[in-house]
Amino acid sequence: MKTLLDSDYITVGDKAQIRLFYKTSKGRSIETVSDFKPYFYALAEEDVETLKGDVENLSQVEETKVVEMLWKGRKTNVLKIVSTHPKEVPKLREDVRNLESSLNVFEADIPFARRFMLDSKITPMEHAEDVELNIASVDIEVYNKRGEPNPNRNPIIMISYADNKGFERVWTFKTHEGLGLDYLEVVDSEAEVIRRFVETVSERKIDIITGYNSDNFDFPYIKERSVKTGVKLCLGVDGRELKMERRGMNNGARITGRPHIDVYPIARKVLNIPRYRLEDVYEHMFGIVKPDVNYEDIPIFWDSKDVGEFKTLVEYSLSDVKTTLEISLELLPLEFELSRFIRQPIYETSRMSSSQRVENLLIRKAHSRNILVPNRPSGEQYDSRAGEEKFEGAFVVEPKRGIHDNIVLFDFRSLYPSIIISHNVDPDTLECDCCPEEENKSPAGHKFCTKVDGFIPHVLGDVIKKRMQFKSRMKEIGDEREKRLLNVQQNALKLIANSMYGYYGFERARWYCRECAESITAWGREYIHKAMEFAEKDGFEVIYGDTDSVYITKAGEKDEIIKDAKKFQGKINKELPEAMDLEFEGFYTSGIFITKKRYALMDEQGKLTIKGLETRRRDWCRTAKETQKQVLDALLKDKDPDKAAEIVKKVVEEIKGGGVPLADLAINTQMTRSLGEYVNEGPHIQAVRKAMKKGREFKQGDIITYIQTRKGSSISDRARIIDFVDEGDYDAEYYVNNQLIPAVFRILESLGYSEDELKGLGKQMSLGDF
DNA sequence: TCGTAACGGGG
DNA sequence: GGGTACGTTACGA
């Protein structure tokens with residue numbers, strides 16, 4: 001039994017060689033494939049034989065062949081061009097494109113190793129659950145007193161490590177007497193810390209390394225420090241060094257044959273929570289609040305003579321890596337399954353957006369059905385797609401404003417996929433010549449063929465059928481382990497199925513189809529409307545509805561309401577097409593609805609779900625963030641709008657009184673470029689300029705902590721770096737009008753409070769007047 | 001009203 | 001590496 005962990009290609013002599021990295025029952029093996037050649041297709045302007053003759057005169061062409069492919073649903077003769085080496089393809093592609101006899105080239109932008117995987121029958125991560133992979137997580141602590149950690153100046157003081165076989169380490173180069181931590185390993189220097197980490201990964205035969213935001217923080221940092229301290233970061237199974245890659249605007253830390261997976265982007269894709277800090281994700285997944293250390297305390301605890309403080313730091317470091325490991329072990333099975341399903345290595349798959357996953361699946365399916373893959377849109381095509389007038393999207397009803405109790409949330413999980421399948425929504429079935437005009441016409445006015453099976457509905461149908469098989473096997477099987485795996489598998493397929501609609505409307509998609517996307521939403525509006533009508537017929541009040549979800553309530557006790565809601569659910573589901581299901585999503589004790597897409601709900605545990613009102617960003621001051629939370633608590637827990645208004649009024653007074661500590665008013669903004677590069681200079685940049693005149697230094701990447709003061713003309717002009725501002729010297733008007741009020745006003749406005757009233761101006765207006 | 005810049009995660 | 005995110009919000013002009 002073996003599982004493919006990774007693949008890439010290298011050049012041997014002048015030939016490309018695919019390498020396949022396996023974990024086997026005996027250890028590891030690397031297989032190579034030398035006979036796979038880069039190829040692409042060209043469509044002839046008129047005659048494919050003329051094109052063939054012209055292409056054969058070009059350099060770097062190894063072979064040409066006329067083949068029959070499906071293009072826009074029609075059988076078409078195209079020229080298959082095999083080249084000598086992947087790196088020759090970009091130039092050859094342009095040469096072919098420039099030939100008068102060629103109309104266009106296709107599939108010339110699919111990376112070589114990816115192409116190999118798509119064409120081969122190899123399934124990555126196969127048997128991953130049975131070969132018992134060794135999975136380790138890593139986390140670093142760095143020493144920096146202010147601003148962003150800078151690898152040029154700030155050393156790594158600890159690397160922590162935990163693997164799924166129970167081995168735990170924190171490496172550091174400083175210690176105190178009497179710590180008594182068996183996992184702490186004290187070495188001589190930072191270089192030695194890095195070296196021990198690298199050694200351990202290979203000694204413990206680690207197959208997969210994970211981290212939290214490690215693509216953008218830990219690994220680039222370790223990499224730079226390893227260069228500085230002269231340690232080779234040879235983490236690859238072939239001894240290669242870790243390599244930082246650009247992937248779009250993000251980084252990817254690539255380790256040959258030993259996939260590195262950053263679980264932060266995975267958590268973002270899989271979970272739906274307001275913030276994705278390690279502690280938030282951990283708490284959400286395991287219900288445990290993780291101990292945390294403030295960043296500012298790290299250098300303090302490190303420098304401290306106090307054994308307890310140093311110990312806290314070591315324990316924090318270990319807890320970070322252990323929680324990262326736990327999260328990884330929970331999230332990886334889904335990624336493994338996605339990797340198997342779309343047949344791309346886990347390193348790639350785990351970093352793909354949902355559109356990229358869909359696209360990879362479609363390219364593979366197109367290949368096996370001899371369908372020519374459409375090109376990605378050019379710059380102009382993208383602009384014209386993006387510039388088109390927005391089509392009518394999902395159905396969003398204006399909510400019934402105010403506070404409601406006992407709210408039941410229902411949602412259509414497979415609304416769009418089932419529309420695509422049941423109405424055969426596909427770019428190639430659009431406006432066919434063979435079907436009657438009104439037979440299968442969307443409310444958006446587009447007709448889809450009912451005779452010819454569309455490619456994408458077909459692929460999606462297979463995905464859904466496969467998912468149903470997993471789900472029914474789950475019911476039959478008793479073995480818990482197998483059941484869990486089946487659940488992961490059906491979930492992976494659900495994710496893919498639910499991405500298909502978004503893919504049609506994604507302007508960078510190869511199979512972009514605006515008519516398809518707008519037809520899907522049009523049919524969707526019809527169905528959600530129906531669900532709302534049914535709920536009302538059953539005596540429910542519909543508070544709010546958006547796309548595929550409805551929030552409903554009625555008078556009475558919780559249990560009774562839920563019972564009635566389930567009854568309504570049964571009725572509507574009987575009416576809907578088979579693959580469509582209205583699911584029970586949750587129960588909330590109270591909620592406040594403000595406008596479309598803006599509301600807050602509180603569940604039975606008192607946990608807040610906030611939509612469209614978040615101020616949890618670092619460019620909001622602490623006072624604004626805190627006050628918003630207090631206001632929502634007053635409204636949803638205490639059900640006391642006047643109390644909420646009083647809280648705001650009190651904070652307004654405190655701000656105006658000048659007594660709010662600067663720390664609560666500090667705004668943090670990153671200086672993302674060097675000074676000369678700014679076209680418009682925001683407040684933080686002008687604050688930097690002033691501070692530089694006083695001798696302070698700043699550089700690209702620094703987080704600027706500033707205060708809005710009273711000195712200056714514009715908002716930008718009044719900003720000052722916090723260190724140069726005296727307590728009390730702040731612009732109260734700014735903090736009230738641009739921070740506090742925006743954070744709470746939308747909420748309280750919906751309950752009838754005026755802005756003036758909250759600011760302690762204007763007349764009092766009671767709820768009764770509204 | 002529009003264009004530009006910044007947000008996220010990590011220390 | 002046969003590659004170059006994303007959706008949303010705030011500020012300044």
Side-chain angles (χ1 to χ4, degrees), chain A residues 8-9 11 16 38-40 83 85-93 105 107-116 139-151 154-158 211-221 243 245-252 254 262-265 267-268 274-281 293-299 302 313 316-317 320 324 348 351-353 355-356 376 506-508 597 612 614-620 667-673 677-686 703-704 714-717 719 738-739 742:
Chain A
D8 68 359
Y9 88 89
T11 301
Y39 68 89
F40 60 95
S83 184
H85 191 281
K87 70 170 195 292
E88 307 295 345
V89 171
K91 163 128 196 344
L92 179 58
R93 170 181 71 197
V105 296
E107 306 191 22
D109 55 358
I110 301 167
F112 186 59
R114 180 173 299 182
R115 173 94 257 183
F116 173 79
D139 179 53
I140 65 171
E141 311 304 327
V142 310
Y143 183 93
N144 77 304
K145 285 191 165 167
R146 55 173 69 242
E148 284 276 278
N150 183 331
N154 309 128
I156 293 171
I157 51 175
M158 285 174 196
Y212 199 83
N213 203 23
S214 41
D215 269 345
N216 285 296
F217 184 74
D218 299 72
F219 276 122
Y221 209 100
K243 194 175 150 205
E245 303 178 327
R246 291 300 294 176
R247 302 181 64 85
M249 305 226 58
N250 279 317
N251 293 318
R254 192 166 197 291
D262 184 350
V263 290
Y264 161 62
R268 288 198 71 115
R275 294 203 65 178
Y276 294 89
R277 295 174 309 188
L278 179 59
E279 54 197 285
D280 303 313
V281 169
V293 168
N294 287 330
Y295 297 146
E296 312 90 69
D297 289 336
I298 292 172
W302 175 259
L313 186 57
Y316 159 72
S317 184
D320 265 13
T324 302
E348 312 285 337
R351 287 167 179 78
M352 281 179 193
S353 66
S355 300
Q356 288 174 305
R376 301 164 64 177
F506 176 51
E507 292 96 344
R508 296 192 194 278
K597 311 268 184 199
E614 285 94 343
T615 52
R616 300 180 170 193
R617 292 171 31 152
R618 65 176 171 218
D619 51 354
W620 288 87
I667 301 165
N668 297 294
T669 308
Q670 187 172 24
M671 177 167 152
T672 55
R673 47 187 75 185
E677 294 172 68
Y678 278 92
V679 181
N680 287 330
E681 296 191 347
H684 62 306
I685 300 306
Q686 301 209 15
I703 302 284
I704 312 302
S714 65
I715 287 184
S716 292
D717 195 30
N738 296 47
Q739 291 272 326

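Below, chain A is the first sequence line, B the second, and so on; all start at residue 1.
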Nearest to the side chain of [X], heavy atoms from C-beta on, is which of [options]?
{"X": "Arg247(A)", "options": "dG1(C), dG9(B), dC7(B)", "answer": "dG1(C)"}
{"X": "Thr669(A)", "options": "dA6(B), dC11(C), dG10(B)", "answer": "dA6(B)"}
{"X": "Arg275(A)", "options": "dG10(B), dC11(C), dG9(B)", "answer": "dG9(B)"}
{"X": "Asn250(A)", "options": "dG9(B), dA6(B), dA5(C)", "answer": "dA5(C)"}
{"X": "Tyr276(A)", "options": "dA5(C), dA6(B), dG9(B)", "answer": "dG9(B)"}
{"X": "Lys243(A)", "options": "dC7(B), dG10(B), dG1(C)", "answer": "dG1(C)"}

Atom-pair distance ([atom1] on [X]; [atom2] on [N]), nearest Å:
{"X": "Gln356(A)", "N": "dA5(C)", "atom1": "CD", "atom2": "C1'", "result": "8 Å"}
{"X": "Trp620(A)", "N": "dC7(B)", "atom1": "CH2", "atom2": "C1'", "result": "12 Å"}
{"X": "Arg351(A)", "N": "dG9(B)", "atom1": "CZ", "atom2": "C1'", "result": "14 Å"}
{"X": "Asn216(A)", "N": "dG8(B)", "atom1": "CG", "atom2": "C1'", "result": "10 Å"}
{"X": "Glu681(A)", "N": "dA5(B)", "atom1": "CD", "atom2": "P", "result": "10 Å"}
{"X": "Tyr9(A)", "N": "dG1(C)", "atom1": "OH", "atom2": "C1'", "result": "6 Å"}
{"X": "Asn668(A)", "N": "dA6(B)", "atom1": "CG", "atom2": "P", "result": "14 Å"}
{"X": "Gln686(A)", "N": "dA10(C)", "atom1": "CD", "atom2": "P", "result": "20 Å"}

For dC2(B), the Watson-Crick or wobble partner whose two distances fall under 3.5 Å: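 Across any shown strand, dC2(B) pairs with dG12(C).
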
Side-chain N or O of [X] versus OP1/OP2 of [N]: is the shortest distance under 4.0 Å?
{"X": "Tyr295(A)", "N": "dG10(B)", "answer": "yes"}
{"X": "Arg268(A)", "N": "dG9(B)", "answer": "yes"}
{"X": "Arg277(A)", "N": "dG8(B)", "answer": "no"}

For [X] and [Y], indicate whether the former's side chain and the latter's backbone hold a donor-acceptor pair under 3.5 Å.
{"X": "Asn251(A)", "Y": "Asn216(A)", "value": "no"}
{"X": "Asp262(A)", "Y": "Ser214(A)", "value": "yes"}
{"X": "Gln356(A)", "Y": "Ser353(A)", "value": "yes"}

Can a side-chain donor-acceptor contact be found between Glu141(A) and Ser317(A) if the only test is distance below 3.5 angstrom?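 Indeed, the side chains of Ser317(A) and Glu141(A) share at least one donor-acceptor pair under 3.5 Å.
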
Go through the side-chain N and O atoms of Tyr316(A) and Asp320(A) and say whether any donor and acceptor fall under 3.5 Å apart. yes

Base, sugar-phosphate, or nothing: which does [X] touch, judged by heavy atoms less than 4.0 Å apart?
{"X": "Asp215(A)", "value": "nothing"}
{"X": "Tyr39(A)", "value": "base"}
{"X": "Tyr212(A)", "value": "sugar-phosphate"}
{"X": "Arg93(A)", "value": "sugar-phosphate"}
{"X": "Asn144(A)", "value": "base"}
{"X": "Glu245(A)", "value": "sugar-phosphate"}
{"X": "Phe506(A)", "value": "sugar-phosphate"}
{"X": "Asn150(A)", "value": "nothing"}
{"X": "Ile110(A)", "value": "base"}

Asn150(A) CG to Tyr221(A) OH distance, which is reported to the nearest 0.5 Å: 6.5 Å

In whole angstrom, give me the gap between the P atoms of dG7(C) and dG10(B).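 Their P atoms lie roughly 23 Å apart.
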
Note: Asp215(A)-Arg247(A) ion pair, threshold 4.0 Å (strictly below): no

